[in-house]
Amino acid sequence: MSAARSTERYRLQPGGAVRGAVRVPGDKSISHRALMLGGIAEGDTAVEGFLASEDCLATLAALQALGVAIERPQRERVIVHGAGARGLRPAAAALDMGNAGTAMRLSMGLLAGQPFDSTLIGDASLMRRPMERAAVPLRLMGARIVTQDGRPPVRILGGSALRGIEYELPVASAQVKSAILLASLQASGRTSVTEPAPTRDHSERMLAAFGVELTRSARTVSLEGGQTLRGAHVEVPGDFSSAAFFLVAGCLAGDGLTLRNVGVNPTRTGLLELLRQMGADIRVRPLRGDARASTGVEPVADLEVRAGPLRGIEVPEALVPLAIDEFPVFFIAAACAQGETVLRHAEELRVKESDRLAVMAEGLGRLGVEHELLPDGIRIRGSGELGGGTVDSHGDHRIAMAFAVASLKARAPIEVLDVANVATSFPGFVELARTAGLRIEALRSALGSG
Ligand code: S3P
């Protein structure tokens, strides 16, 4: 398990503008899935544009520990030599998923029907996160899974014969949906998962690309167990969730900023819609795929953004799962808008890498932003500008990057504490942010001195 707290921090000078062309690293969700599906496929899978971040490298190391041969001829190019449906082998030790909830929950599905036992652990943040949401449906399929008061370590006992189920997800969670779909591949009969609202559908698209037949309606996906996956060629687009920081930066202080090669799967781009409702000037220039289609390859586009006045909005409930990872930086946009922004129905934010409602509220308070923390959301009174000060990210990568973006509209310097986990999703963030125009430097201080 990694240390609970890092000594790395950002120092940001106020103001500046962002411009030029930025290319963010590969999509985290898609990179995890490409490794896992590649691992249980027949034949080789080539992954181009792989996200070489700590989270995805945890998945890569876990698969290697399970006996999958993986080569990385380049930093962002991975070849997975598929072990086939019955080719995984018991790991010699517990699988450490680091900070990665996706790695842990999807692995629960991947390992539920294996003939051997597995144990999943993670860093201090992951060890606090709820795992029963994935364990419950997997047990209904016949898996034997033990959590500790609902949290990791997760023990998966091998040798269970899985059977298909019909399951309605109580929470809109792509991770739980994906865990069930991965387990269903090893189950007898048909599995159907119905979600309360659409969530990211990368698993469904990628399963189809690996040759799995599945049927999809608006909220239900079904597949027959026992199908063989065939290795595929996966081109990973830029991560919309990483582009989000530059998208908001561009809305606040953009002077001709282009984000190149960004994944614009409609189950991910809720933030685009929210920013547009606030009055943002964002253009989407499609490159490949159809962003309106719900099947086929992942759609990719260049995004062009220009600064302009933003106004507060009430976030429509349907957009919450489609923007779930973008709320930290969306709150910065709200704080810099004129008028009130209200988010409700977002209690899921309390069980992410940190309690993102509480941690963001604390940081906004430090910068003098008027707000009210709600049980399932937040009310933010924007005034167009922020103060400076010291903000604690509590080790949450997206919160650290969100407050870095805040500096563009701050009146005084901002320091963001405990930022090492930015490497879990966005290696090279500081360099890219500086190239675009943020006045950011990364510092390492002695533990305890802040
Ligand atoms: C993810 C799904 C989301 C998201 C997470 C990545 C995925 O979590 O917050 O960062 O790759 O499936 P939930 O499915 O728990 O909402």
Side-chain angles (χ1 to χ4, degrees), residues 25-37 50-51 53-56 58-59 97-110 122 125-126 128-137 150-152 167 169-182 193 195-207 219 221 234 236-237 239-245 263 265 267-271 298 317-330 345-357 360 376 396-399 401-402 421-422 424-426:
D27 187 278
K28 181 148 75 81
S29 293
I30 296 174
S31 295
H32 282 301
R33 286 161 170 80
L35 294 175
M36 289 188 194
L37 295 193
F50 172 71
L51 173 64
S53 76
E54 287 173 6
D55 274 14
C56 299
T59 290
M97 301 308 189
N99 195 243
T102 307
M104 186 169 287
R105 298 205 180 101
L106 269 59
S107 295
M108 289 169 69
L110 190 73
S125 151
L126 187 53
R128 286 193 293 266
R129 296 182 65 185
M131 293 300 145
E132 279 298 315
R133 51 179 58 197
V136 165
R151 297 177 162 71
Y167 191 70
L169 293 172
V171 283
S173 166
Q175 291 178 353
V176 178
K177 171 177 65 175
S178 302
I180 299 169
L181 293 178
L182 284 167
V193 191
E195 43 191 7
T199 66
R200 65 190 68 193
D201 66 357
H202 304 303
S203 297
E204 295 90 311
R205 287 176 192 247
M206 200 181 289
L207 282 164
R219 291 193 297 111
V221 51
V234 181
V236 183
D239 196 324
F240 184 85
S241 296
S242 297
F245 301 102
N265 180 318
T267 60
R268 291 289 297 283
T269 53
L271 177 74
E298 294 283 348
E317 184 177 353
L319 289 180
V320 173
L322 310 183
I324 193 69
D325 290 341
E326 283 61 75
F327 284 110
V329 77
F330 171 74
H345 313 290
E347 51 281 287
E348 273 298 298
L349 293 180
R350 293 201 179 269
V351 291
K352 293 295 179 188
E353 286 82 327
S354 70
D355 176 343
R356 285 186 172 156
L357 293 176
M360 282 303 298
D376 63 345
D396 187 317
H397 56 133
R398 299 203 193 282
I399 290 181
M401 291 184 274
N421 277 341
V422 167
T424 62
S425 69
F426 201 146

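Just follow the structure's listing: the first ligand is 1, and inside any ligand the first atom is 1.
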So for Lys177 against ligand 1, with non-hydrogen atoms under 4.0 Å, the contacting part is neither
among protein heavy atoms, the one nearest atom 6 (C) of ligand 1 is Thr102 OG1, 3.3 Å
- Do any N or O atoms from the side chain of Arg200 and from the backbone of Thr267 form a donor-acceptor pair under 3.5 angstrom? no
Heavy atom of Thr199 under 4.0 Å from ligand 1? no
Value for CG (Leu271) from CG (Leu322), rounded to nearest 0.5 Å, stands at 11.0 Å
closest protein heavy atom to atom 8 (O) of ligand 1 is Lys352 NZ, 3.1 Å
Looking only at protein heavy atoms, what sits closest to atom 10 (O) of ligand 1 is Asp325 OD2, 2.8 Å
When rounded to the nearest 0.5 Å, the distance separating OG of Ser354 from CZ of Arg128 is 9.0 Å
Under 4.0 Å between heavy atoms, the region of His32 that gets near ligand 1 turns out to be neither
among protein heavy atoms, the one nearest atom 12 (O) of ligand 1 is Arg33 NH2, 2.6 Å
Between Asp239 and the options Arg398, Arg268, Lys28, the salt bridge (charged side-chain N to carboxylate O under 4.0 Å, His left out) test singles out Arg268
Under 4.0 Å from one or more heavy atoms of Ile324, ligand 1 contributes atoms 9 (O)
Quick check against the 3.5 Å criterion: does Arg350 have a side-chain atom that pairs as donor or acceptor with the backbone of Asp376? no
Would you say Arg398 and ligand 1 have an N/O pair spaced under 3.5 Å apart?
no
